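Notes to accompany the following structure.
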Amino acid sequence: AQTVTQSQPEMSVQEAETVTLSCTYDTSESDYYLFWYKQPPSRQMILVIRQEAYKQQNATENRFSVNFQKAAKSFSLKISDSQLGDAAMYFCAYRRRRDDKIIFGKGTRLHILP
Amino acid sequence: NAGVTQTPKFRILKIGQSMTLQCTQDMNHNYMYWYRQDPGMGLKLIYYSVGAGITDKGEVPNGYNVSRSTTEDFPLRLELAAPSQTSVYFCASGAGVDEKLFFGSGTQLSVL
């Protein structure tokens with residue numbers, strides 16, 4: 001069974017600093033996608049960034065970037081120049097191409113300290 | 001744009017009652033998902049569908065049923081509600097395998 005593990009239940013970072021959220025996953029598949037979603041207090045889920053397993057280049061979206069290590073099955077999210085609006089729950093998600101099942105991790109609650 | 005619409009937003013059930021959580025999307029998405037979110041547990045996949053007439057079990061399907069008779073609708077049925085089904089339920093839809101999911105606003109369900 002596929003699993004997604006986020007080992008940091010909570011993290012804090014000073015405003016304008018950089019923080020990295022960890023995610024590891026367990027799979028025997030070779031064709032899959034990885035995502036980071038953000039859930040602010042409004043409960044709305046917002047896609048932050050996505051990565052296709054076949055692409056070696058790490059995805060980047062403005063201040064958000066990933067470190068994708070396929071062999072290690074690791075998919076960490078780096079947030080640069082942290083802003084107060086980045087405070088939220090962050091979920092790592094895995095989608096396997098074979099049957100489109102999408103599995104989420106337990107989440108990391110990120111606090112931004114002013 | 002309505003996106004993904006979930007009803008009701010809140011509901012209290014007594015143990016043993018049944019109910020249907022409604023989910024409708026107007027984006028012509030093939031993929032639809034039901035998740036439950038418990039504190040500290042992230043989102044757990046209940047059921048999902050890759051198109052009308054096709055459904056499959058997720059991680060925690062017991063106590064739930066789904067149907068997908070149209071592309072737009074993906075209702076989740078709770079039979080014989082139990083306190084363990086107290087949770088926030090999210091419906092989501094997506095267009096393609098590498099596309100983002102669009103989430104509804106959630107249904108807060110309490111079973112007492």
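Fair warning: this is a prediction, and the values are worked out from it, not measured in the lab. Reminder, nothing fancy here: chain letters follow the sequence lines and each chain counts from 1.
When the candidates B:G42, B:G104, B:S105 are compared by the number of heavy-atom contacts under 4.5 Å with chain A, B:G42 comes out ahead. The greatest number of non-hydrogen atom pairs below 4.5 Å with chain B, out of A:F35, A:F91, A:Y33, is found for A:Y33.
Judged purely by atom type and a 3.5 angstrom limit, B:T86 uses its side chain to pair as donor or acceptor with the backbone of B:V111. Checked by atom type and distance alone, the side chain of B:Q37 never pairs as donor or acceptor with a backbone atom of B:F90 at under 3.5 Å. Between the A:E52 side chain and the A:Y54 main chain, no donor and acceptor come within less than 3.5 Å of each other.
Contacts between B:E99 and chain A at a heavy-atom distance below 4.5 Å involve backbone atoms as well as side-chain atoms. For A:Q39, the part lying under 4.5 angstrom from a heavy atom of chain B is the side chain only. Neither the backbone nor the side chain of B:F102 comes within contact range of chain A; no heavy atom of the residue lies under 4.5 Å from a heavy atom of that chain. Interface residue B:L45: only side-chain heavy atoms are found under 4.5 Å from chain A. The part of A:R50 that comes within reach of chain B is its side chain, from C-beta onward, which places non-hydrogen atoms under 4.5 angstrom from that chain.
If you chain together hydrophobic residues whose side chains sit under 4.5 Å apart, B:F74 and B:I54 never meet in one group. With hydrophobic clusters built from ILVMFWY side chains whose heavy atoms lie under 4.5 angstrom apart, A:F75 shares a cluster with A:I102. Cluster membership for B:V88 and B:M32, using ILVMFWY side-chain heavy atoms within less than 4.5 angstrom, is not shared. Both A:M45 and A:L47 are members of a single hydrophobic cluster when ILVMFWY side chains are connected at heavy-atom separations under 4.5 Å. Grouping the Ile, Leu, Val, Met, Phe, Trp and Tyr side chains by contacts below 4.5 angstrom, directly or via other members, places A:W36 with A:L34.
Between A:Y32 and A:Y25, the ring planes lie perpendicular to each other; the angle is over 60°, past the 30° to 60° tilted range.
For residues 105-114 of chain A, a heavy-atom distance under 4.5 Å to chain B picks out A:G105, A:K106, given by residue number. For residues 55-73 of chain A, heavy-atom neighbours of chain B at less than 4.5 Å comprise no residues at all.
A cation-pi arrangement is present between A:R95 and B:Y31, with the terminal nitrogen or guanidinium carbon under 6.0 Å from the aromatic centre and inside a 45° cone about the axis.
Of all heavy-atom pairs spanning B:P75 and B:Q22, the tightest one is CB-OE1, 3.8 Å.
Taking 4.5 Å as the limit, some side-chain heavy atom of A:L21 sits within range of a side-chain heavy atom of A:M11.
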Q. Taking it one step at a time, do A:Y37 and A:F104 satisfy ring-ring contact (aromatic ring centres under 6.0 Å, His included)?
A. CA-CA 9 Å; A:Y37 280 87; A:F104 284 79; 5.7 Å; yes

